[in-house]
Amino acid sequence: MKDIDYWVYLVLSLSKIYLFSVFTASVFNFNFFVINLAGILVLTSWSLVLKSQVRRWILLASLFLHSTLLISDMWYYRYFEDLLSISLLSDIGQMGDVGGGFMTLIEAKDFLFFGDLLLFAFLIFFTRTKADNTPLRNRRMWAGSVTALGLVLFIAPLASSYANEEDWLVEGSISNMREYYQLGFWGYHGADVAKGIAAATGFGEEITQAEKLEIETLKPEEPVAASAKQPNVIMVQLESFQTSVIDQQINEQEVTPNLNALKQEMLYFPSFYHQTHEGRTSDAEFITNSSLHPVKSGSVYTQYADNEFEALPGLLKKAGYETAAMHAFEKDFWNRDDFYENIGFNQFFSKKDFPDDGVIGMALNDKEFFSTSVSLMEDLPEPYYAFMVALTSHTPYNIPDEEKRLDLTGYEDELLQNYYHTVHYVDAAIGLMVEDLKKKDMWDDALVVFYGDHDSGLNAPEGELAQKADAETAPDAFRLDRQVPLFIKPPNLKQGEVVEAGGGQIDIAPTILDLLNMKPVYMLGQSLLDEEPNITVFRNGAFQYEDVYYEPDLTQTAGEGICYSLETGSPTNFADCEKGIEQAAEQLRLSDTIIERNALETIE
């Protein structure tokens, strides 16, 4: 057969993309097959100009590179449910310190992606004596025809999408996975590289007048003001804490007895959700302090640290607060030193400011971290805003055997067992911290917040955690994966209360400002204590609003998806979600404009 090496290459390349879909449980339908075939044809048809003796080795190298990128995408997808992006190059230096968690994502079967290299090598061996005498002119015509076919297959659906003014193409995509399904594997990565080059050269950064007007509506008419006497604000971010551990009992033991007890002294929000994306912990910090969304790829901390933000520490600083961040790890980890300073923290207490011994996992244990942080707060001028980032319960949940206090008989997953042990340890640390604050008369008058940064990463449907939680419906899985605890104690609160209002991390800063009788500036969230229901938007365009949850179908055009009733767990009338779909997309686009194009610097 003429050019058998190229046809075998096409089959192997498409088979690998199909294998990726199987291993990640992502979609591989006919349209996706066609767009991927088109991408491969456009990318490699030039090789048909070459004689087969040369072309075979180029195609073998291409298969190797394809496998390497696919397996990297798959490992990344298992953790983030997203694909690699060129914007993540700025995060590579941070990966070494959290690599232990990524090692748990690798499975032996993954290396099947490289099995096709052996098959293609056999083909090269058995066809090594066959000469290619096709004239150059014919080879060029054939390569041109294949290229034209690839371009038609690739451009036709895009032209149709553009003609129909589909949002993902005309107004910019809010999800990498939608681009992947619409452009195919190579189309997505090619477009991503093009956007990376455009961003590096500053192309398309100027914001429009309409965008300026939309952003300016987020600024209150009256300037930020504060009363003469303001309470200290203490906010603690808890690593990998999800709501499922609150009130959970295992073999008649409370996993979080201290947080459970705090419901009697604080406002507890059981319908609260994390909105993090690929930046995970850094995303949670960013969302909570800025009331903006995370970016589509990577982390704001590493990509946009110098841009303009009207974040909580800066606003409180203008109102006379001393602002301090506390994180017992390297100062430049995830670029925190630059970012914290930019958003208004006067001081940053990092690893060098905490004891050297007592490490659990990747950093100082949370008992010592909280104890030292309280001592540091005692020396801060009042009023102060102290923001603490805990670390003991960081994946892969390493904890000494002597600190494993729970009887987890009946649980088989060692990683899940260690997760519960670390959560139980951190809960004990919280109890000691609250006791310390009370003894030092730093509790009653303060505004105190505890919240989870993101889920445990152990919520896969086939996993032991989800099975024991009976997470059977899509809303069950959504709540298990997205709900994190939030506790707020306003100053001098007499009695705790369970607040059923739904919301997300984007609403924390506006809620704090509300309790301080201050107004948010250029923030997208709203107070959890007002009487208006909050829409909680996630990076892929999903959202929760009152008693419905919308899950977009990223393989279809924007606006397609399923509207679920959170009460019944079943699909409900799509009209109940329709209004929120565009609102969610617009909120994400507005956030992206503020962050990626540094819009506040232009406006201010």
Side-chain angles (χ1 to χ4, degrees), residues 85-91 93-94 171-176 191-220 223-224 275-279 282-318 323 325 332 334-346 348 505-506 509-510 513 519-525 537 539 585-604:
S85 167
I86 197 169
S87 61
L88 297 172
L89 291 174
S90 58
D91 296 344
Q94 317 295 336
E171 298 183 21
S173 171
I174 59 174
S175 165
N176 283 337
D192 178 62
V193 169
K195 286 185 287 187
I197 294 172
T201 57
F203 178 77
E205 287 188 352
E206 187 174 347
I207 63 173
T208 66
Q209 186 62 29
E211 289 170 332
K212 287 181 182 179
L213 293 174
E214 188 175 11
I215 293 170
E216 285 172 347
T217 63
L218 301 174
K219 186 174 182 179
V224 175
Q275 296 166 283
T276 69
H277 191 44
E278 296 177 9
S282 69
D283 277 355
E285 297 176 37
F286 174 73
I287 301 166
T288 299
N289 279 291
S290 71
S291 192
L292 296 172
H293 287 283
V295 286
K296 190 168 61 173
S297 296
S299 168
V300 176
Y301 274 36
T302 55
Q303 297 178 50
Y304 304 101
D306 297 327
N307 285 11
E308 191 80 20
F309 302 100
E310 287 284 2
L312 183 62
L315 294 173
L316 293 181
K317 184 177 178 180
K318 292 176 184 176
T323 55
D332 60 351
W334 229 252
N335 206 30
R336 281 185 172 86
D337 50 349
D338 289 339
F339 193 81
Y340 282 168
E341 181 180 1
N342 183 42
I343 63 171
F345 282 112
N346 286 333
F348 177 22
Q505 290 164 333
I506 204 167
L513 293 171
K519 293 185 178 181
V521 181
Y522 298 125
M523 292 183 173
L524 295 177
V537 179
R539 185 62 252 191
E586 285 301 319
Q587 193 178 109
L588 290 167
R589 291 192 188 102
L590 184 59
S591 179
D592 288 345
T593 299
I594 292 172
I595 298 167
E596 297 175 5
R597 291 154 69 188
N598 202 14
L600 297 188
E601 182 179 67
T602 302
I603 291 172
E604 291 297 315

Q: Identify, with sequence neighbours excluded, every residue that meets salt bridge (Lys or Arg N to Asp or Glu O under 4.0 Å) alongside E278.
A: none
Q: Work out which heavy atom in A599 is nearest to a heavy atom in I207; give both atom names and the distance.
A: CB-CD1, 3.9 Å
Q | Residue list, salt bridge (Lys or Arg N to Asp or Glu O under 4.0 Å) with D592, at least two apart or on another chain | A | R539
Q.
Whether the T302 and W334 side chains hold a donor-acceptor pair (N or O, under 3.5 Å, no angle test) is what I'd like checked.
A. no
Q) Should L524 and S591 count as side-chain neighbours, where that means a heavy-atom distance under 4.5 Å? A) yes
Q: Would you confirm whether D283, through its side chain, and H277, through its main-chain N or O, come within 3.5 Å as a donor-acceptor pair?
A: yes
Q) Checking salt bridge (Lys or Arg N to Asp or Glu O under 4.0 Å) for the pair E341/R336: CA distance, chi angles, key distance, verdict? A) CA-CA 8 Å; E341 181 180 1; R336 281 185 172 86; over 6 Å; no
(Q) Checking the side chain of E596 only, and the main-chain atoms of V295 only, is there a donor and an acceptor separated by less than 3.5 Å? (A) no
**Q.** Atom pair CZ/CG of F345 and L316 - distance to nearest 0.5 Å
**A.** 9.0 Å
Q. Are any side-chain N or O atoms of N342 and backbone N or O atoms of D338, one a donor and one an acceptor, separated by less than 3.5 Å?
A. no
Q: Hey, could you give me the CZ/CD1 distance between F286 and I506, rounded to the nearest 0.5 Å?
A: 9.0 Å
Q: Find the distance between OG (S290) and CD1 (I343) and round it off to the nearest 0.5 Å.
A: 7.5 Å
Q.
Please find the pair of heavy atoms, one from M523 and one from A311, that lie closest to each other, and give the distance.
A. CE-C, 4.1 Å
Q: Check the side chains of E216 and Y522 for a donor-acceptor pair under 3.5 angstrom, ignoring hydrogens and angles.
A: no
Q: Let me know which of N307, L292, I603 forms a side-chain contact (heavy atoms from CB on, under 4.5 Å) with I594.
A: L292
**Q.** Euclidean distance, E211 CD relative to T208 OG1, rounded to 0.5 Å
**A.** 3.5 Å
Q. What is the distance from atom OG1 of T593 to atom CD of E214, rounded to the nearest 0.5 Å?
A. 7.5 Å
Q. Going by heavy atoms in the side chains, are V300 and P294 under 4.5 Å from each other?
A. no
Q | Results of side chain to side chain donor-acceptor pair (under 3.5 Å) for N598 - residues two or more places apart only | A | E601
**Q.** Donor-acceptor under 3.5 Å (Q275 side chain, I287 main chain)
**A.** no
Q. Looking at OG1 of T323 and CZ of F348, how far apart are the two atoms once the value is rounded to the nearest 0.5 Å?
A. 12.5 Å
**Q.** Closest approach of G196 to I86 (non-hydrogen atoms, all atoms of both residues)
**A.** CA-CG2, 3.8 Å
(Q) Check whether S282 reaches the backbone of Y301 with its side chain - one donor and one acceptor, N or O, closer than 3.5 Å. (A) no
Q) Any side-chain heavy atom of K519 sitting closer than 4.5 Å to one from L513? A) no
(Q) Under the rule for side chain to side chain contact (heavy atoms under 4.5 Å, CB included), what residues qualify as partners of T288, not counting sequence neighbours? (A) M235, Y451, Q505, I508
Q: Tell me, please, which residues at least two apart from E308 pass salt bridge (Lys or Arg N to Asp or Glu O under 4.0 Å).
A: none
Q) side chain to side chain donor-acceptor pair (under 3.5 Å) with N346: which residues, sequence neighbours excluded? A) K317, E322
Q) salt bridge (Lys or Arg N to Asp or Glu O under 4.0 Å) between E586 and R589: does it pass, once the steps are laid out? A) CA-CA 5 Å; E586 285 301 319; R589 291 192 188 102; 3.3 Å; yes
Q) Quick one: does P220's side chain get under 4.5 Å of V521's, heavy atoms only? A) yes
Q | Distance-only side-chain donor-acceptor flag, S85 / D192, under 3.5 Å | A | yes
Q) Without hydrogens or angle criteria, can the side chains of S297 and N176 be said to hold a donor-acceptor pair below 3.5 Å? A) yes
(Q) If you take the centroid of each ring, where Trp contributes its six-membered ring, are F309 and F339 closer together than 6.0 Å? (A) yes
